[in-house]
Every structure is written in C-alpha cells, then in structure tokens.
Amino acid sequence: MQELHAHLNGSISEETMRKLLSRRNGPTADTKMMFDKGQTATLEDCFNMFKLIHQVTVDTESVYMVACDVIREFAADNVKYLELRSTPREVVATGMTKEKYIEAILQAMKDCEKENLDIIVKLILAIDRRNGVKVAMETVNLAAKYRESSAGRVVGIDLSGDPKVGDGCDFIPAFQAAKAKGLKLALHLAEVPAVEETKEILQIVPDRIGHGTCLHTEAGGSQDLVDLVTHHQIPIELCLTSNVIGQTVPHFDNHQFKFWYAKNHPCVICTDDKGVFNTTLSNEYSIASRTFSLDERTLYQLSLQSIQYIFADDSVKADLKSRWKTWEAERFPITT
Ligand code: IMP
Ligand code: ZN
C-alpha cells in the first residue's frame, strides 16, 4: 500500500503519545488525544485535539521521535511508500525554529532509511489556512530550499487547517509560486461546502485533492466542480474514518468514495490522522472493502493505480509498480 495523506501530528500512536506525555509538562497522561472507534465529533473537536497535540510536540526531540515512530508504524502496516505532511512550527520557548522542525523530520527520515524498514518516505510541507498568506509564502520558500538540500525528500505543498477559517483563494499566489518552483500541490478542498472558493482554486489544477467531500451537488457542491475535477482527472485522497468521525460525512455508505469510484475517477485511500482517528491504512482498505463490496483484487488495483499519483519521480514509480506486479503474480496466479 501507499499512504499519500498523513498529517504528522495527527498520526501519533497511543504508545508514542504516552512517551511524549511522560516527557514534559502540559496535557496530563489521562488527557484524551484520540477518538474512540465509532465515536463521532465535530470538526471543531478535531481541531481542538490538534491544538492539544501541538502542546506536546514543542521541541525538536519530540518531533524527531514522533516522525521515527510514525514511519516505523506505517512500515509495520505494510505501507511501502509514504508521503508525510506537516506544518512547520516555531516554538520560541524551546528554541525550535521552522527550519529545525523540518530538519528534525528529515533526520528521522534519513535515520529510518538506515533501519531497512522497506518504506520510501517523502515530505510535504503544509500551509495552515489560519496562518495567512505571508506564512504561506514562507512555507513555499522553505519547501523549495529543503527540496534542494534533502536530495528530493521534500516534494510538495499542502493546504490544510480548519476549512471554515479564512478564504483559500488568498493562497493562490503561494500555490502558483510553489508550482513555478517545481513543487507538487496536494490541497484540502471542499471539506465543507465552498463552491466559489473551490472553483477558483481548481483553476490552478492542483496535483491532488484532499477529501473533496463537498464537490458533488448532493453534498453541497456543483456540477461545475465535478466537471473541472473530472476534466483534469485530479486524483482525490479519500479518508473514510476521518470524515465519518469528523461528521463531514454522515456514514461510510454516504462517503464521496462511492461517487468518485463509480465514475472511475482516480481515488486514493488514505488515513488522514491515524492517531487521532485511531485507525491504520489496512483498516481503511477493509472499511472500503466492506462498505462498497470491493474484493481483494479490486483493492489491489486501487493500490496499484495510486502509484501513478505519488509525488516521487518516475524511477520510484517504476520500481513500485514492478514490486506490485511481482506481488500480483504471486497472489493471483494465472491458472489455465
Ligand atoms: P501537523 O501539520 O503535523 O501539525 O498535523 C496537524 C495539522 O494537520 C492540524 O493542525 C491541521 O492543520 C492539519 N489537519 C489534520 N487533519 C486535517 C483535516 O482533516 N482537515 C484539515 N486539516 C487537517
Ligand atoms: Zn487532512
């Protein structure tokens, strides 16, 4: 499998959280940092949870530890290619600058490479909608700088944060600057109904869309949005548990996966925040399988097709495809 939509601070496991809470003052060990299975919440609850988590990842040691653990956990879940995304954060009290934050993650990626975990990891830097345009442009410049100095480990830019805050169109110049610097764009779009904002951002044709919950008319979107996304064949990163717990989708049956999959549109199953939403990528594939009656071969095809949409270069894609094909020949031998 490949995981293309995983926020670092949302992906912290219970075990890692325990280690973090024992390290410093802040939220106590019994503070809830994840939702229970089957629980529902509001988007506001989710964003409050991120604020709590940010109180325990305030220094480079914590960020490094979190990144190492998250990479190892995805590898243990049989993820062979991972794109982590994270918002560069400065914490004056501990001396953590945005540069040090990014370098801690890159160091974790490099150190995990030495552990022979059988996983390729790339990094996407996130623009938080709450932080405004100036910060967004800074993030783009940081991404360009670290792409050069990290042997291509930094691959792109994300737009995330509370979708009800601010106007995503304000960031269009930052997205254009990122594109001009050769960075890929994975943007959270239409998590809540926002037809005009989404239409305008789609004009720059992002490389992938996060969630796209409210693109189609039945979910508060419009046919224009569907036509644009379909015309440009923009892959959509779909995170089932995240959307159901956050209640942007009432039930798995109503998840937008159904709409886009039925159109044969590029769909990528992802976790979003495996820690906060208490899930794994395998679990997300199982939910998709149970909810939409997809057999093992169909899941395999979905996973194989997702390789086309990764932000790594063509040689990585070719290697992954060849591994997938080898596995296919073993798992589904042709019988005569
Ligand atoms: P970080 O960027 O590694 O700190 O990961 C946590 C951040 O990811 C949150 O503060 C949000 O900005 C963002 N995030 C995580 N999940 C979502 C989501 O479902 N929608 C929008 N933003 C999200
Ligand atoms: Zn997300």
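When a ligand or atom number is given, it counts from 1 through the structure's own listing order.
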- request: Among all protein heavy atoms, pick out the one at the shortest distance from atom 13 (C) of ligand 1; state its residue, atom name and that distance to 0.1 Å.
  value: His7 ND1, 3.5 Å

statement: re atom 4 (O) of ligand 1, the protein heavy-atom contact at minimum distance is His54 NE2, 2.7 Å

Taking non-hydrogen atoms only, is [X] closer than 4.0 angstrom to ligand 1 via side chain, backbone, both or neither?
X      : value
Arg89  : neither
Arg129 : neither
Asp128 : side chain

If you measure from [atom] to every heavy atom of [options], which option wins on shortest distance?
atom                    : options                        : answer
atom 2 (O) of ligand 1  : Thr87, Val66, Asn243           : Thr87
atom 12 (O) of ligand 1 : Gly161, Ala126, Gly210         : Gly161
atom 19 (O) of ligand 1 : Val276, Val165, Asp272         : Asp272
atom 16 (N) of ligand 1 : Val192, Asp273, Ile245, Asp158 : Asp273

query: Below 4.0 Å from any atom of ligand 1, is there a heavy atom belonging to Lys51?
result: no

Interfacing atoms of ligand 1 (cut-off 4.0 Å, heavy-atom, Leu8): 3 (O)

Atom indices of ligand 1 within 4.0 angstrom of Ser86 heavy atoms, with elements: 1 (P), 2 (O), 3 (O)

message: For a 4.5 angstrom cut-off between non-hydrogen side-chain atoms, does Leu302 reach Tyr261?
response: yes

message: Using a 6.0 Å distance limit plus a 45 degree cone around the ring axis, check whether Arg208 lies over the aromatic ring of Tyr309.
response: no

task: Anything under 30° is parallel, anything over 60° is perpendicular, the rest tilted; go ahead and classify His5 against His7.
output: perpendicular

- request: Determine how many protein N/O/S atoms sit closer than 2.8 Å to the Zn ion (ligand 2), leaving waters out since they are not shown.
  value: 4

field: More than 12 heavy atoms of other groups within 6.0 Å of Lys321 NZ
entry: yes

